[in-house]
Amino acid sequence: MSHETTDENIIIEIKGVNKWYGKFHVLKDINLNVRKGEKVVVCGPSGSGKSTLIRAINYLETHEEGDIIVDGVKLVDDVKRIQKIQRDVGMVFQQFNLFPHLTVKTNVMLAPIWVKKSAKAKAEKRAMDLLDRVGIADQADKFPGQLSGGQQQRVAIARALAMDPKIMLFDEPTSALDPEMIKEVLDVMRELADQGMTMVCVTHEMGFAKEVADTMVFMDAGNIVEYSTAKEFFEHPKEERTRQFLEQILNH
Amino acid sequence: MIHTDTGPQREKVAFWRVPAIRAILYQALAIGFLVVMALIIYKNTLANLAKRGIKTGFSFLTNEAGFAIGETGAMPLLQGKTLWLIAAVVLGGGVIFFLSRKMKKEGQELSDSTPLCLLAATLLIGLPGAVLWFFPGDIPTLHYSESSNYIAALATGLANTLKVSIVACVLSTILGLFVALARLSPNWLLSRLARWYVEINRNIPLLMQLFFWYFIVFQGLPSVRKSIELWGIISINNRGLFVPRPIFLAGGAPFVAAVVIALTAIWFYLRYVKRRQDSTGQQLPRMLPSLGCFIALPALSMACFGTPFSFDIPHLAGFNFKGGMTLTPEFVALVTGLTIYVSAFNAEIIRSGIESVSRGQREAAYALSFSKTESMKLIILPQSLRVIVPPMINEYLAVTKNSSLAVAIGYPDLVSVGGTILNQTGQAIEVIGIWMGVYLLLSRVISMGMNWYNAKIKLVER
């Protein structure tokens with residue numbers, strides 16, 4: 001599943017990646033390139049390895065075979081390199097994973113202060129700007145436990161953006177949310193996409209995918225089954241398995 | 001139907017069926033029962049005391065004790081230099097307390113202002129230091145002997161209880177931390193060993209463990225003449241642990257002063273580093289300058305004022321050791337038993353605290369490019385502490401109270417000394433009252449301190 005692009009534009013290169021959990025083969029010979037500014041939506045049934053794949057991009061999961069190259073840096077067991085990649089790649093989790101013992105503002109400021117060594121006042125100003133951008137500047141001094149799920153997820157997005165990442169990974173960002181809160185998170189993601197951020201997103205929100213994605217990736221049982229443009233994917237899916245999946249998810 | 005403020009039902013109901021009246025009735029019954037019981041006990045006690053001709057009251061406390069206590073130490077007397085020292089501490093602390101309160105009202109922290117921090121350091125450290133240095137003479141002390149009174153005996157017992165409790169609390173926490181880390185270790189053997197350590201220790205009663213350490217281990221040690229000697233300075237035998245004792249020489253006081261000044265300077269330096277990081281983001285080295293200061297200042301004092309201490313090394317003279325410091329087998333057995341027993345519980349508390357922080361927190365920290373140390377310090381530890389602290393309060397209370405099992409192996413703690421006094425004077429009610437009062441007070445002080453700490457680190461939820 002490779003495709004042709006000019007090499008200097010590629011920001012994530014995944015080549016022949018294999019991963020096992022014990023005997024269970026989660027990722028089977030995965031090849032995937034992501035260009036700068038590209039929006040990739042990864043979908044597929046649960047257990048298909050889609051979360052594992054995007055978690056492998058910033059080394060939350062290790063892989064046994066193959067190479068993952070992020071912005072020219074190859075992922076290997078080297079603390080310095082891993083931290084460099086983790087600095088360039090922002091991640092938003094299904095369960096938000098905000099730090100509950102810190103205020104919303106401190107959640108956003110913490111990494112810039114400690115990792116990027118930016119001055120406190122500067123980090124604070126930036127944090128407030130970002131919180132304003134995701135629409136919760138008025139909640140800055142509250143604690144995460146005092147916010148709704150949608151608000152927490154928007155804080156999580158602001159927290160990831162505070163590190164000025166080149167790539168944003170979203171691991172089912174709306175799956176833990178009540179239906180009426182999904183929209184507010186998707187709106188923030190949509191805006192981010194409009195500003196040209198490179199995004200890799202695991203989601204079941206097909207409406208969002210149709211609207212935002214450049215490229216659709218469909219995974220099943222550890223394989224990339226279908227790789228195509230969003231238009232093609234929704235209108236003329238090539239594979240039978242994709243058609244089944246789309247039918248189930250769109251007609252429920 | 002329209003509900004009014006008077007309640008949901010407007011029909012007439014018998015008064016004993018109204019919940020509010022019922023609640024008051026039950027309370028009144030309970031209080032009445034309690035008062036009657038107390039009166040019965042009080043009258044009964046007075047009658048029995050009168051029958052046996054026992055005088056009540058605490059006047060016996062000033063009588064001569066007449067018995068020996070195996071483990072005594074010098075206790076400061078409340079007169080002369082001691083009072084001046086207390087006055088200096090209270091004065092310094094008071095001034096700082098009111099200053100910081102005033103600043104808090106204005107929305108500032110005392111530590112925001114450098115001149116005020118300097119003032120605080122001068123008052124809190126300088127004032128008591130000056131009293132110690134310039135006030136003539138030594139701090140007056142009392143050393144318990146058979147001719148001292150019962151108050152001195154009880155104070156010695158209390159001091160022994162505190163000594164054992166504090167040492168056991170500190171050691172059991174440190175040991176518990178190591179056992180917890182071992183249990184969490186990916187090393188199969190290490191984590192199994194730690195698990196068995198926990199299982200064995202917390203399932204054998206403390207009293208049995210104390211008997212084991214005292215009667216089997218420490219009484220089973222070789223006799224004085226066949227002492228085990230470590231590096232020629234520490235001797236272990238069935239009379240206890242004999243260790244060298246530091247003796248202050250002329251350079252001693254300046255040396256201690258130099259250490260205190262160095263620590264203060266390091267505090268100010270670290271504060272400067274933090275403020276600089278806040279304003280510019282630049283991180284200055286912390287470890288090396290601090291360490292340098294900590295070594296250089298005391299070294300300078302040694303060069304100017306001479307060696308601070310020498311050591312009095314215990315040596316065999318006649319039938320026993322002379323010189324040095326002696327830790328009695330009772331003390332060592334009690335500390336060992338308490339430490340090991342409680343460390344098993346502490347280990348489980350610490351382990352569960354660390355495990356209570358979800359995997360997602362660690363992943364979020366790594367995804368933000370925090371290093372392992374940073375994520376431990378900034379994310380994991382602050383969250384696990386809030387789980388660890390409340391049960392830890394219980395353990396510290398348990399150590400203090402369980403130290404009263406000392407009576408079983410003859411360590412002269414408050415219960416043991418009080419028991420002797422009870423036997424001599426027959427003042428059971430008073431002695432038991434003192435015991436209960438003291439333990440209650442100790443427990444309150446510990447739990448108040450820990451609760452204050454717990455409130456500081458508590459998590460705000462909706």
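Because the structure is a prediction, the values reported are computed rather than measured. To find a chain, count down the sequence lines: A is the first, B the second, and so on, and within it residues start at 1.
- For A:Lys125, the NZ atom sits in a loose shell: 12 or fewer heavy atoms of surrounding residues, nucleotides or ligands are nearer than 6.0 Å.
- Between chain B and the residues A:Pro112, A:Ala156, A:Ser118, the most heavy-atom pairs under 4.5 angstrom are made by A:Ser118.
- Atom CZ of B:Phe178 has 12 or fewer heavy atoms from other residues, nucleotides or ligands within 6.0 Å.
- Using a 4.5 Å heavy-atom threshold, the side chains of B:Gln361 and A:Pro100 count as touching.
- Considering CG of A:Asn58 and CG of B:Leu368, their distance stands at 10.0 Å, rounded to 0.5 Å.
- Only the side chain of A:Arg55 comes within less than 4.5 Å of a heavy atom in chain B; its backbone stays farther off.
- Partner B:Leu378 forms a side-chain contact (heavy atoms from CB on, under 4.5 Å) with one of A:Ile113, A:Thr106, A:Leu102, A:Leu110 and no other, that one being A:Leu110.
- Environment of NZ in A:Lys116: crowded, with over 12 heavy atoms of neighbouring residues, nucleotides or ligands closer than 6.0 Å.
- Considering every non-hydrogen atom in both A:His101 and B:Ile379, the closest pair reads CE1-O, 3.7 Å.
- Listed here is the closest heavy atom pair of B:Ala367 and A:Phe93: CB-CZ, 4.0 Å.
- Only the side chain of B:Arg359 has a heavy atom closer than 4.5 Å to any heavy atom of chain A.
- The parts of A:Phe99 that come within reach of chain B are both its backbone and its side chain, each placing non-hydrogen atoms under 4.5 angstrom from that chain.
- Atom OG of residue B:Ser369 and atom CE of residue A:Met91 lie 14.5 Å apart, to the nearest 0.5 angstrom.
- The parts of A:Gln83 that come within reach of chain B are both its backbone and its side chain, each placing non-hydrogen atoms under 4.5 angstrom from that chain.
- Both the backbone and the side chain of B:Glu363 come within contact range of chain A, with heavy atoms under 4.5 Å apart.
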